[in-house]
Amino acid sequence: MGFWQRTRALRWWIIAIVMLGTIVNYLTRSTLAVAAPTFMADLKIDEHQYSYITAAFQGGIMLQPLVGYILDTIGLRTGLALFATGWGVLTMAHGLAINWQWLFVLRGLLGFAEGTSHTGGLKVVAEWFPARERGYAGGVYNLGASAGSALAAPLVAASIYFWNWRAAFVVAGLLALLWVVLWLVWYRSPANHPSISQEERDHILAGQEAHIQAAGTRPSIPSILRQRNFWGIAIPRFLADPTWGTLTFWMPLYLSSVRGFNLGEIALSAFLPFVAADLGCLFGPTVVVWLERRGVSLINARRWTFTLGAVLMTGMMFVGTVESAWAAVALLCLGGFAHQTLSVTCITMATDLFRKNELGTVAGLAGLLANSSILIFSLLIGGLVSTIGYNPFFVALGLLDLVAAALLWTLVKAPE
């Protein structure tokens with residue numbers, strides 16, 4: 001009997017691999033923001049042009065319904081391997097850029113390829129975990145989003161110090177290609193994985209609700225769009241995700257241009273909100289389990305946890321008004337923690353409400369709304385920050401999630 005048959009913990013190794021993939025995904029997408037102060041000076045790119053570059057990524061990632069449908073159709077193993085290869089090659093190509101237009105095209109293509117991160121992760125959670133473990137499984141793979149964004153700061157700073165900003169993209173892209181090898185070696189579905197024990201397979205199947213089992217048909221987008229539960233998840237994500245876009249794309253520039261941080265200080269501080277976000281990834285599922293043990297239903301436990309995160313998010317309103325630069329960093333850390341607390345909760349809720357064979361499409365459609373809000377918010381920052389500053393945007397981030405929490409309570413209906 002092999003190690004995984006004895007431990008009956010193969011599902012946690014599988015989700016750890018997904019987490020590593022999410023780390024690479026967010027590392028590659030975050031490399032641009034950390035390198036921005038350097039390459040913008042080198043290529044003579046201004047903030048308005050930079051907003052177009054970041055908008056191109058959001059435009060590409062808004063095609064998540066398409067990549068989700070592809071994953072639902074061709075399967076996780078092949079689909080994620082193909083798209084992750086795209087992450088690696090396109091990221092390395094950033095190192096060849098000679099102007100902002102070049103970066104604009106590459107970011108759009110990278111956004112399309114990287115739209116598989118959450119869609120693929122959710123499908124793995126739905127396939128490999130019983131209901132009681134899905135929150136933690138979702139939190140574990142979402143750790144990768146924070147960790148990848150956090151690792152970008154020291155990795156890019158080191159690459160710039162020893163080589164140049166172009167080398168940072170090459171290093172990040174190579175990591176993506178290495179992950180593809182790991183994924184192809186290890187991933188199979190629970191039904192076909194040679195290393196899973198029968199006891200673990202039975203544990204997974206016994207803990208999954210009947211209403212989420214695959215129907216054996218292709219997902220229907222019109223049918224999904226007619227369901228109030230879809231909008232109950234998608235609209236809160238639309239309101240919540242500008243926080244993540246701001247931390248990922250604009251925080252290094254804010255710390256540099258407004259707070260006067262140099263490259264070393266950015267490397268030291270820009271990863272801290274993402275470390276706090278990692279804690280939020282685990283805090284949210286822990287709160288859900290704590291509430292369930294006290295008799296709260298699964299869906300209501302997720303709604304209360306989201307609401308708690310929304311209340312904590314109000315601290316973001318004061319980032320621009322505190323005098324101390326490090327107090328601002330502390331509030332950004334609170335924002336990262338609060339955002340992942342509520343974001344993981346909302347994203348994972350899709351696995352409680354929709355069938356496995358349509359989950360990729362559901363995640364893609366919700367991701368379309370979430371990333372469209374990041375696109376809008378980023379364009380607004382790029383167009384207005386030179387005249388009104390960052391403060392109004394931080395205030396908006398502190399309030400939007402309260403509206404999202406109210407909608408989550410209003411629209412989502414628990415399965416009967």
Side-chain angles (χ1 to χ4, degrees), residues 3-23 68 71-72 75-77 79-80 116-145 182-183 186-215 229 233 278 280-293 297-299 301-302 305 340-341 343-363 366 414-415:
F3 174 79
W4 296 115
Q5 285 91 351
R6 292 197 306 272
T7 60
R8 304 174 191 174
L10 179 63
R11 63 194 183 280
W12 295 106
W13 171 236
I14 294 295
I15 205 64
I17 294 173
V18 176
M19 180 190 69
L20 289 174
T22 310
I23 288 174
L71 290 181
D72 282 337
L76 271 173
R77 186 170 182 268
L80 274 184
T116 49
S117 177
H118 280 304
T119 51
L122 273 183
K123 285 183 68 66
V124 172
V125 169
E127 284 193 1
W128 274 88
F129 289 87
R132 291 183 64 85
E133 296 176 352
R134 285 201 298 262
Y136 277 115
V140 167
Y141 94 75
N142 270 283
L143 285 172
L182 181 66
W183 173 256
W186 276 99
Y187 189 78
R188 305 289 190 281
S189 70
N192 301 317
H193 205 293
S195 297
I196 192 172
S197 67
Q198 187 59 47
E199 291 82 0
E200 184 172 9
R201 186 182 288 116
D202 291 342
H203 171 74
I204 294 169
L205 293 175
Q208 293 185 339
E209 310 94 325
H211 70 267
I212 69 164
Q213 300 306 314
N229 278 345
I233 292 173
D278 276 339
C281 287
L282 299 178
F283 178 72
T286 300
V287 174
V288 171
V289 170
W290 185 84
L291 290 171
E292 278 194 283
R293 289 175 177 172
S297 68
L298 176 60
I299 297 300
R302 296 209 197 281
T305 302
Q340 284 298 77
T341 295
S343 180
V344 167
T345 302
C346 188
I347 290 170
T348 306
M349 190 180 288
T351 65
D352 306 320
L353 301 172
F354 296 94
R355 294 185 181 278
K356 295 178 186 178
N357 64 297
E358 61 186 12
L359 194 56
T361 306
V362 168

By side chain to side chain contact (heavy atoms under 4.5 Å, CB included), which residues pair with T286, not counting sequence neighbours?
-> Y136
Test side chain to side chain contact (heavy atoms under 4.5 Å, CB included), reference H193, set R11, R188, E200, output is R188
Under the side chain to side chain contact (heavy atoms under 4.5 Å, CB included) test, residues paired with T341 that sit two or more places apart | F283, T305, F337
Correct closest heavy-atom pair for W128 and S189 would be CZ2-C, 3.8 Å
Between L71 and K123, the two heavy atoms sitting closest are O-CE, 4.1 Å
Pairing residues for D278 by the side-chain hydrogen bond (donor to acceptor under 3.5 Å, both in side chains) criterion, not counting sequence neighbours | S146
Mind listing the closest non-hydrogen atom pair of G280 and P285 along with its distance?
-> O-CD, 4.3 Å
What are the two closest heavy atoms between V18 and W183, and how far apart are they?
-> CG2-CZ3, 4.0 Å
With a 4.5 Å heavy-atom cut-off, do L80 and Y187 have their side chains touching?
-> no
Hey, could you give me the CH2/CZ distance between W186 and R77, rounded to the nearest 0.5 Å?
-> 12.5 Å
From T348, V344, L298, residue fulfilling side chain to side chain contact (heavy atoms under 4.5 Å, CB included) relative to V288 | L298
To the nearest 0.5 Å, tell me how far I15 CD1 sits from T22 OG1.
-> 8.0 Å
What residues form a side chain to side chain contact (heavy atoms under 4.5 Å, CB included) with R201, not counting sequence neighbours?
-> I196, Q198, L205
Listed by chain and number, what are the side chain to side chain contact (heavy atoms under 4.5 Å, CB included) partners of L20, not counting sequence neighbours?
-> I23, W179, L182
Dump the intermediate steps for side chain to side chain contact (heavy atoms under 4.5 Å, CB included) on I14 and E127, then the final yes or no.
-> CA-CA 11 Å; I14 294 295; E127 284 193 1; over 6 Å; no
Taking every heavy atom of C346 against every heavy atom of I233, the minimum-distance pair comes out as SG-O, 3.6 Å
